[in-house]
Participant: 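Pasting in a structure now, in structure tokens, and then I'll have a few things to ask.
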Amino acid sequence: MRMSQLFAPTLRENPHEAEVVSHQLLTRAGYIRQIARGIYNYLPLMQRVMKKVEAIVREEMDRAGAQELLMPIMQPADLWIESGRWAVYGKELIRFKDRHDRDCVLGPTHEEVITSTANNGIHSYKQLPVNLYQIQNKYRDEVRPRFGLLRGREFIMKDAYSFHTSQADLEREYDVMAEAYRRIFLRCGLDTRMVQSDSGAIGGAVSHEFMVLTQTHSGEDDVYYCDSCGYAANGERAESILPDATVDGQAIFGTTEQVVDTPDCDDIESLTKCLKMPASLICKALLYIKDETMPFLVFIRGDLEAEEIKVQNAVAANHIRLADADEVAEFAHSAKGYVGVAGWRMCNEELPGFEGRVSLVYRAEHLKEYHLQLPVLLDSSVLNLKNFAMANNEIGKHVVGYNWPHDRASQELLETNTFDLKRARAGDQCPTCLAELNMTRGIEVGNIFQLGTKYSEAMSATYTDEDGTEKHFVMGCYGIGISRTAAAAVERYHDQDGIAWPIPIAPYVVSVVPVNADDQTQWTLAKQLYDDLQAAGVEAVIDDRDERAGVKFKDSELMGFPIRVTVGKKAADGVLEVKLREGGDVKELPAAEVLPYIRSLVEEATDFAKLEARFKAGQPAAAGAAS
RNA sequence: CGGGAUGUAGCGCAGUUUGGUAGCGCACUACGUUCGGGACGUAGGGGUCGCAGGUUCAAAUCCUGUCAUCCCGACCA
């Protein structure tokens, strides 16, 4: 490609709306242009990067035995009603009506379509297993799109769905996909970590995410990992063992329960100051609302935070949120900072909406006129608290020296309603080996789920098994954010001057820069190299613009071409300069040696074994992260 | 959805307080000089000041509404 013809509108300054590095650089270097909030044009350079990533994904998916197909973006609501997600998915799902007034959606994912397709096309166990994938645009009307391509409303995703006759076969395929993913990201030049994750709205039990670790602001997920055993999980899922803390308040409060004045203590910090005690001696009670209608309480130690995804899963909610001030008054007869059940009576009962989940209910029998009763979940951190502090809904007062009832029935009731609800912290202990847990930020570029029969049951998708009976497909699904992977690569590989693409996903590998386009010697030599590169299958640009050398260098660096060949003063002697974008190494070589050198660089960057060796140091065994 | 901010040339911004002929830098066009790290000179082109109402002799500027974009929040009793 001649630079004079390349459609890549570059900007000298960062656009006003771009916050994160990948968004800024991709915009400045002429790769993308925003069309609406969270919606972008992929300009020619970006499109080439996408094609590169897609090609790697296709090769590895095909290699793993999956088959590519293409499903529609526009889908009938019927399928979503059938799966139950029409009611559950919320505003992220883009819904509209066609001219016949039929409800439609723009697919945020394709479980419904693929399940229906499999049901129509697969009738016998003899046709299984099968793994089908596509690379397709996806639509999610994010509450708040941001970070450029990292969280858009329209994005490109590879999504694969596998169908099996058994959980065991699903697990086999799951491992095959995990290995394919490892190869894909490695081949893109990205070091990823496979971490345990929450399965969220998509359902199913076991799932993992592939994260590009970033350290910086741009990563939007917390990743907890253990260097000694390889345990890794995202913030929504991570478990941890708490380091020692003061959990017996005898020395401060004695062993007798009493009510003390705590004026204006509506948060943990002021309460610890007021009562002169560590936060770990507080049993914090959080009033949540399940699915907008059902209030319940979560008990957690005062120095910890609740992980809402864990809470949501524990109560089997579609959505939870903290109660607002009015609801605190209505459901707990209290105010912020003073919610608690000291003084309420404990009952073994399941309230509507919590069946099979929560069997502990506290009743305020001393406030009969209000009929207050709340289901309660405990985080495991509060069980061994002794002589601790808790509120009793009396504003301006707390109870100290409080203890859980000691009788066997009460203890059992407390224990059966105890879950892991806390958010892990860096510095806690690893749940598998007790070493110190680390935390970093990460960008999720891929995920794999064991769906089981969630969708096949909901949509009655079956095959006939060997024994002649109808059975539901056992399913798995596997996603890779193509556009997000490209953006993550920019987050990972850039410097002050611009992008520094890994060779395998660069839009062009080499930028040939004749310093002076008017100099016939330089131009001839440059053009010859450019032609040779193309003939050898190495994608290149030649900067034929009538610009000063500085401008050409700057643009080449901004756009991030991995290798620059400068044809300058020494062209007369047949000597060229080869500079690597990443690392900045410079070599002067006779013209004849340039192509072999570049080919060796490309070979180095695309050879799987060599890539694997390069990343080995920082890469934990995938097996260590398995659940 | 709540709070905050911003919409003026392709991009980045000033001008708005105090109403009076629409500006600067970059980019773009032409010519000349320059030519290995975002050159310089001269001469140009390009904007119904987000949109719609209103006030006024007169509105980028004041008022009302609306749309768009960005940031923060929508989680820690």
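In what follows, every heavy atom counts, from backbone to side chain, and hydrogens, waters and symmetry copies are set aside. In the text below, chain A, chain B and the rest are named by the order of the sequence lines, each starting its count at 1.
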Participant: Does a sphere of radius 6.0 Å around NZ in A/Lys97 hold more than 12 heavy atoms from other residues, nucleotides or ligands, not counting ones at 6.0 Å or beyond?
Facilitator: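 More than 12 within 6.0 Å, yes.
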Participant: Under 4.0 Å between a side-chain nitrogen and a carboxylate oxygen: does that hold for A/Asp585 and A/Lys587?
Facilitator: no
Participant: What closest approach, in Å, do A/Lys422 and A/Asp379 show between heavy atoms, and which atom pair accounts for it?
Facilitator: N-OD1, 3.1 Å
Participant: On the side chain of A/Glu547, is there an atom forming a donor-acceptor pair with the base of B/rG38 - under 3.5 Å, no angle test?
Facilitator: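 Per atom types, no contact qualifies.
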Participant: Write down the distance separating the C1' atoms in B/rG37 and B/rC75, rounded off to the nearest Å.
Facilitator: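 Approximately 49 Å lies between the C1' atom of B/rG37 and that of B/rC75.
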Participant: Using the C1' atom in both, what is the distance from B/rG15 to B/rG41, to the nearest Å?
Facilitator: 29 Å
Participant: Distance criterion of 3.5 Å, no angle test: do you see the side chain of A/Asn14 paired donor-to-acceptor with the base of B/rG12?
Facilitator: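 Such a pair does not exist between side chain and base.
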Participant: To the side chain of A/Pro15, which of B/rA77, B/rG37, B/rG12 is closest?
Facilitator: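 The closest nucleotide is B/rG12.
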Participant: NA contact type, A/Ala323, heavy-atom cut-off 4.0 Å: base, sugar-phosphate, or nothing?
Facilitator: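 Base contact.
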Participant: Sticking with atom C1', work out how far B/rC71 lies from B/rA77, rounded to a whole angstrom.
Facilitator: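 Taking atom C1' in both B/rC71 and B/rA77, they lie 27 Å apart.
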Participant: Decide yes or no, distance alone: a donor-acceptor N/O pair under 3.5 angstrom between the base of B/rG10 and the side-chain of A/Arg28.
Facilitator: no
Participant: Can you find a side chain N or O atom of A/Gln34 that sits less than 4.0 Å from OP1 or OP2 on B/rC70?
Facilitator: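 Looking at the OP1 and OP2 atoms of B/rC70, one of them is under 4.0 Å from a side-chain N or O of A/Gln34.
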Participant: Any side-chain donor paired with an acceptor under 3.5 Å for A/Asn234 and A/Asp222?
Facilitator: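 Distance-only check fails for A/Asn234 and A/Asp222.
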Participant: Do A/Pro278 and A/Ile252 have side chains that get closer than 4.5 Å, going by heavy atoms?
Facilitator: yes
Participant: Taking atom C1' in both B/rG23 and B/rU61, compute the distance separating them and give it to the nearest angstrom.
Facilitator: 15 Å
Participant: Considering only the P atoms, how many Å lie between B/rG25 and B/rA43, rounded to the nearest integer?
Facilitator: 13 Å
Participant: If we take the C1' atom in both B/rC11 and B/rC67, what is their distance in whole Å?
Facilitator: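 Looking at atom C1' only, B/rC11 and B/rC67 are 23 Å apart.
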Participant: Could you tell me how far B/rG46 sits from B/rA22 if I compare only their P atoms? Round to whole Å.
Facilitator: 14 Å
Participant: Select base, sugar-phosphate, or nothing to describe what A/Ile268 touches, counting heavy atoms under 4.0 Å on all strands.
Facilitator: sugar-phosphate
Participant: Between A/Leu286 and A/Arg37, which residue's closest nucleotide on RNA chain B lies nearer the 5′ terminus?
Facilitator: A/Arg37
Participant: Using a cut-off of 4.0 Å on non-hydrogen atoms, how would the nucleic acid contact of A/Val328 be classed: base, sugar-phosphate, or nothing?
Facilitator: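 The answer is base, as A/Val328 lies within the cut-off (heavy atoms under 4.0 Å) of a base atom.
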Participant: Base, sugar-phosphate alone, or nothing: which one does A/Thr566 contact when heavy atoms must sit under 4.0 Å apart?
Facilitator: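 If one applies the 4.0 Å heavy-atom cut-off, A/Thr566 turns out to touch a base.
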Participant: Which residue lies toward the 5' end of RNA chain B, A/Ala306 or A/Arg564, if each is placed at its nearest nucleotide?
Facilitator: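 Final value for this comparison: A/Arg564.
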Participant: Determine the Euclidean distance between corresponding C1' atoms of B/rA9 and B/rG50; express it in Å to zero decimal places.
Facilitator: 14 Å
Participant: Between A/Phe354 and A/Val361, is there a side-chain heavy-atom distance shorter than 4.5 Å?
Facilitator: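 Side chain of A/Val361 against side chain of A/Phe354, heavy atoms only: no contact under 4.5 Å found.
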Participant: Side-chain N or O of A/Lys554 versus OP1/OP2 of B/rG37: is the shortest distance under 4.0 Å?
Facilitator: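 False: A/Lys554 side-chain N/O out of range (4.0 Å or more) of B/rG37 OP1/OP2.
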Participant: Nearest to the side chain of A/Ala549 - B/rG36, B/rG12, B/rU69?
Facilitator: B/rG36
Participant: From the list B/rU69, B/rG37, B/rG36, which nucleotide is the closest neighbour of the side chain of A/Val515?
Facilitator: B/rG36
Participant: Check every strand shown and say whether A/Tyr338 touches a base, only sugar-phosphate, or nothing at a heavy-atom separation below 4.0 Å.
Facilitator: sugar-phosphate
Participant: Is A/Arg12 near enough to B/rC11 that one of its side-chain N or O atoms lies under 4.0 angstrom from OP1 or OP2?
Facilitator: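 No, because none of the side-chain N or O atoms of A/Arg12 sits under 4.0 Å from OP1 or OP2 of B/rC11.
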